[in-house]
Structure formats: C-alpha cells, structure tokens
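Computed from heavy atoms alone, side chains included, the values below leave out hydrogens, waters and symmetry copies. All values derive from a computational prediction rather than experimental measurement. In the text below, chain A, chain B and the rest are named by the order of the sequence lines, each starting its count at 1.
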Amino acid sequence: MNPSAGSLPSNFIRNMIARDLATSKHGGRVHTRFPPEPNGYLHIGHAKSICLNFGVAAENDGSCNLRFDDTNPAKESQEFVDAIKENITWLGFHWSGPVRFSSSYFDQLYDFARQLIERDKAFVCSLSAEQAREYRGTLTEPGRDSPDRGRATADNLALFARMKAGEFADGSYSLRAKIDMASPNINMRDPVLYRIRHLSHHQTGDTWCIYPTYDYTHCISDAIENITHSLCTLEFEDHRPLYDWILANLDKEALTAASDLGASTDPYVLPEQTEFAKLKLNYTVMGKRKLKDMVDNRVVTGWDDPRMPTLAGLRRRGFTPTAIRNFCESVGVSRSDSVVDMGMLEHAIREDLDRTAPRVMCVLNPLRVELRDFDEGHEEVLQMAKHPKDEAMGRRSVPLGREVFIDRADFAENPPPGFKRLVPGGEVRLRGAYVIRCEEVLKDADGTIQGLICSVDLATLGKRPEGRKVKGVVHWVSAAHGIPVKVRLYDRLFNVENPEAKDVDYLECLNPDSLLQLDGAIVEPSALAQGAATSFQFEREGYFCLDSADSSASIPVFNRTITLRDSWSA
RNA sequence: UGGGGUGUCGCCAAGUGGUAAGGCACAAGGUUUUGAUCCUUGCAUGCGUUGGUUCGAAUCCAGCCACCCCAGCCA
C-alpha cells in the first residue's frame, strides 16, 4: 500500500479497498472508472466522484478509466464529450489508457445478449411501453409475466436479429431479461436490456438502431475493462442485484476472454458495485435538468456562468483545481444523505488563494483624495511585496501621485461604532505608504461627497507615526496611474438553503443580487502588467480573477471569486 | 402500505465492545501597515429513540421514530 495512505482520513471505501488488498481479492489490483454520460456539463458533484475514483486508484498504485456511458444517443453529444475530458484534465487527473466509450462495446454487448437468450435468460417482448408499465405492477403489488415471456429461443434470436437489422419501429419490441416479475425489487421485474431507437449516435453514427440500457451495459463494460471497484451513487443501490445477475448469468470464460486483460487476469474476479452519497451543497442546485433550464432561459449567461456550480463556472469564477480537490477531500465519502455547507467550499478556495494569489490594490468604488503635501507633479514608485508571507513571490512597483482613489466605504462623516477607517480630522494609513489625515471634505451642491483633501505625514513611510497609533489601513490607487476596469461581484445564486426542496420553485428563490457589476473600479498597474498572474487578492476586498471570456486589453473584467473573511460587522 | 438505505456537535465526518478524532462555522484572546492570514483557547457526560445483553455499548440484540431512493424502452 502507498505509505501516505495511512495518513489519509479513513472512509468506508478506503477501508474496503484496504481489506480487498489485504486479501488479494483482485490479485492486488485496484482499477476504478469515472463513467459520465455525455449529456451535460460536469458540476461540483461530479468532482467528488472524480476525486474519489481517480484518488483511490492513485493512492493504491491502481488505475482509473474514463468511460463515457453513451447508451442513449437521444441526449448525448460530442460537445459534452469534449467538455468533460477538458474538465477532468483541468482538475489534474489522468485517465488510464485511451478514453473509453460504452458504445465501443456494442458488438460485444450484442453477442452477450444473444448468449442470454440462448441460456433462456432473455426474451424479445412486444409489449408497448405503456403496457409494460401496467404489467410491471406497483411498489406493493407484484407484476405479471409478459405474454411473450415463453417465446422459443430460436424465435427470440431471430426477432432480436431483426430488431438489429432495423426491421421494426421504435418501441415495437424490446429485449428483456427473464428474472422475476414478482420481485419486491422492481428493477428485477424483467428489466429492458435493449430498445429500438432509430437514432444517429455521436460515436457510432447509424450503425445501430438498437441501444442497450444502462443496467445491461454498465456491468459488462466494467467487466470488459477489468474494473475492480465500481463506485456509483446511492440511487443505484437497488440496481446492484441486477448488475450482479447479468454478470452471473453470462459465461464467465467468455467474459474473461472479452476483457482487456483477457486470460491473463488471475484470478478473474467480477467487478463489484459500491454506492456512496452524492454531494449536495446548500444555496445551489445540482440537478442537470435545472442547470440546463437556467442556461436555456438565460437566468445565467451559460454553462460557464461564474455563478454556476459547474466546473466550467467555478473555473471561470476563479476556483482552482487544488481548492476543488481539497474541498472534495474535506467533505469525505459516506453513505448518509448530507448537504454540505457552501462555507466549506468557500474555505477551500480562500485557503488556496491566500497561499498563491499575489496581492494587488483595486478600488471598487473610488473616492478622489488630494494629498496636499505633495507637489502637483509628484510621483514616486513604492516597492511592495506581492505576498505578505511568501518572499519568493517578489515585489511589485506601485506608483503614487498627488491624487489617489480610496474606496467610498473607507470614509465616513458619521462613522458607526468601531469604525477604523477615515473620518473627518482622523488619520489612516495608505497601505504600504504614508499616514494621511482628512483635513477637508469636498461636497457638491447636493451634499454628495466629491472628494477629500488630506495632509500627509511624510515621516511615516515604512515607519510608525510618532506618539500615536493609527489603527486603520486603507487600500488606494494612484489616480494618474490606475487602470479603469470592470469588476463583477458575485454572490450565491439562490437565497434559500435548499432551492431543490419539493415544495419550492427554485426559480422563485433566485438571488436578485447574485451579480453586481461595477464599471468604475480602478486597479493598480501591476495587475495588468506583462506576465502578471490572472488571479489576485485585491487587498481588503477578496480574491479576483480576470474573466476568461469578457475581458479585453481595453476593458479588463475581473470576477470576484470570493470575499475575504470579514469578522467586522458594521 | 412492498423493497432497499441512512440517522454521531449548527454543517461535513472519523469511530466496528474499553469509556466521543478532525475540518467548516461560531465565540473569546494574541500577533498584524489587509477588520485578511497566522497563533491560542472554548465549543457532544453524549452518538434518532426506548428497552435489552455486558464489568463496560455510538459500536451487539429487539422494538419504535424520522428522513432518502425505487413503479423510464433515462443514467
């Protein structure tokens, strides 16, 4: 076992794998897979599964496949295949071997289906979908056998071949497993294995007009790829008996022969499914349907809208792969339904960015300040650390002139109790520069504050002021040197903890203030210098990143990834 | 009402018979030219509930309660 595995927090999956390794259950192999259906964009919930599958493989010198579970061409597309691959790579994971597709096993799947028919374990059914529903029974009543259940093997084989040949219309026939219509587990009531769909498939084109179902495909695909641990979410728990039934009713030697490792697999142990709880986060929605609706209805600007819980959205928002991976690790893996607090995700990104983001000053809502002790053309360039603790990040040049901007929130004529910023007649330090005193407040006819005139204590550059303490520190940008930028302040998309609750309409719970765009912000020049980073801490404000889509050289756009923690409540 | 699951601090979550880890959040101090970071301290005599077994139970047994999933030719 990997020596570092001992220091990782335990969870029931790690424990299970350790046990399997100890007993050499799969000959010491650990082989997992991440099996998305390419029918949408990945979200933070998928990240949990990705981290789990790839993580547990890496911890044990195993492998993890990427397999697109593409058995339903009606909902899938190449666009999603590409986006998913890109997301996984971005997260920093590497799949084993080539990208797999369930659809590349269609021939083998077809042969195995014939085998089930030959073994009297499957039959061709002519019941319509509606009839099948009636025959299935209910949760409390058993179902009834299909009238076609007793069809002769030769006839089933012939009909199945004709289904494949395209002789029948969609829905006219299906291939069903022959299990038990009275099973208390509805998944075992002669589930459909193949359905007719005259549809073009993004990988196989028009080669097929019959498509295998998830239940039939997944277990065999796992077996073909010699997967040892097939990890999926809780809602598939009831499917596990079917997963096992299909593999158990197939010829084991044929399965072995069809597998990637072929006859060399020793021992050949069938893959086993283990379920874990999905990730849920409060104040957001994770359902693909809802996410898609928000995109289609322009509630958000796209799948990569920075407010979306998609990986594309989080990325554009400024989340890092490291933060997402740390978050997934801190959330853990269990079997209990749980809802993780958004605060945990926020903590993960703050923790990573605090370590890695260079500091810069940006004034969001500028208030002009004249420093009256400087001459008209005054200009000096201060050298400031890019990071308060990481010397290796070096320094940046910050120009200072006679006029600077500070944030309007950092000045108050009538300050609330505990206000540590600028007040009339009061002092404050310009971060990294001098202590200034507010001497005069300039107002227009309406009484709106237009600017401040401040004196400067020239002896306070890099030094504490004489004989007094100045508590407040305020960020600033030189008016003559600052660069105008747009800044987008993002907040949670919903204003209720659980927008997906049964009794609420999630669209009614949208937070109207989830995006606030500021058009008049001013950033210090180093933020946009050649070779500068794209993620910063705007000191005293939060972490921001250059928007990857809307930012241009003439109008830079910054997204607020997350605010700084703020223990001061005014 | 059939079947399958889950219940440990406000939120995650370890723990698998020997006397409740950790993280987030929160609170109080300290450091600080970011009200940030960092540091220190506090935060479940109790593990859904009621009984039982045991020298000893979150862990074993029984009953009860609550919540989640399943009646797609979706995954």
Let's see if you can work this out: which of [options] has an atom nearest to the side-chain heavy atoms of [X]?
X: A:V339; options: B:G5, B:C12, B:G2; answer: B:C12
X: A:K502; options: B:A14, B:C68, B:U34; answer: B:C68
X: A:N11; options: B:A14, B:G5, B:C73; answer: B:A14
X: A:R464; options: B:U33, B:A13, B:C74; answer: B:U33
X: A:K420; options: B:G35, B:G15, B:C68; answer: B:G35
X: A:D69; options: B:A75, B:U33, B:C24; answer: B:A75
X: A:R136; options: B:A13, B:A71, B:C11; answer: B:A71
X: A:V473; options: B:A13, B:A75, B:U34; answer: B:U34
X: A:S338; options: B:A75, B:A13, B:U34; answer: B:A13
X: A:D238; options: B:A36, B:A71, B:G4; answer: B:G4

If you measure from the C1' atom in B:A58 to the same atom in B:U8, how many Å do you get, rounded?
->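 Between the two C1' atoms, the distance is 7 Å.
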Partner of B:A27 by Watson-Crick or G-U wobble geometry, both contacts under 3.5 Å, or none?
->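 With both distances under 3.5 Å, B:A27 matches B:U41.
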Mind checking who B:G2 pairs with, Watson-Crick or G-U wobble, both distances under 3.5 Å?
->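 Partner of B:G2: B:C70.
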Just N and O in the side chain of [X]: are any of them under 4.0 Å from OP1 or OP2 of [N]?
X: A:S334; N: B:A14; answer: no
X: A:R289; N: B:C74; answer: no
X: A:R335; N: B:C12; answer: no

Torsion-based syn/anti label for B:G72, 90° from 0 as limit =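 Syn, since the glycosidic angle lies within 90° of 0.
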Would you say the base of [N] and the side-chain of [X] have a donor-acceptor pair closer than 3.5 Å?
X: A:D566; N: B:G35; answer: no
X: A:R565; N: B:U37; answer: no
X: A:R540; N: B:U34; answer: no
X: A:H475; N: B:A36; answer: no
X: A:Q537; N: B:U34; answer: yes
X: A:R240; N: B:G4; answer: no

With a distance cut-off below 6.0 Å to the six-membered ring centre and an angular limit of 45° from the axis, does A:R492 pair with A:Y283 as a cation-pi contact?
->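 Because its charged atom sits under 6.0 Å from the ring centre and within 45° of the axis, A:R492 does stack over A:Y283.
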Can you check whether A:Y214 stacks with the B:A75 base, using ring centres under 5.5 Å and planes within 30°?
->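 The base of B:A75 is not stacked with A:Y214 (the test needs centres under 5.5 Å and planes under 30°).
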What class does the angle between the rings of A:H201 and A:Y211 fall in, given that below 30° is parallel, 30 to 60° is tilted and above 60° is perpendicular?
->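 A:H201 and A:Y211: parallel rings.
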Start at the 5' end of RNA chain B and walk down; is the nucleotide closest to A:K75 or to A:S10 reached first?
->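 Counting from the 5' end, the first nearest nucleotide belongs to A:S10.
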For the pair made of [atom1] in [X] and [atom2] in [N], what is the distance, rounded to whole Å?
X: A:K389; N: B:A36; atom1: NZ; atom2: P; answer: 12 Å
X: A:H347; N: B:C12; atom1: NE2; atom2: C1'; answer: 13 Å
X: A:N185; N: B:C70; atom1: CG; atom2: P; answer: 12 Å

From the options A:F536, A:F538, A:F558, select the one residue that forms a ring-ring contact (aromatic ring centres under 6.0 Å, His included) with A:F544.
->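 Result for ring-ring contact (aromatic ring centres under 6.0 Å, His included) with A:F544: A:F538.
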Do A:Y214 and A:H218 have their ring centres less than 6.0 Å from each other?
->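 Yes, the ring centres sit under 6.0 Å apart.
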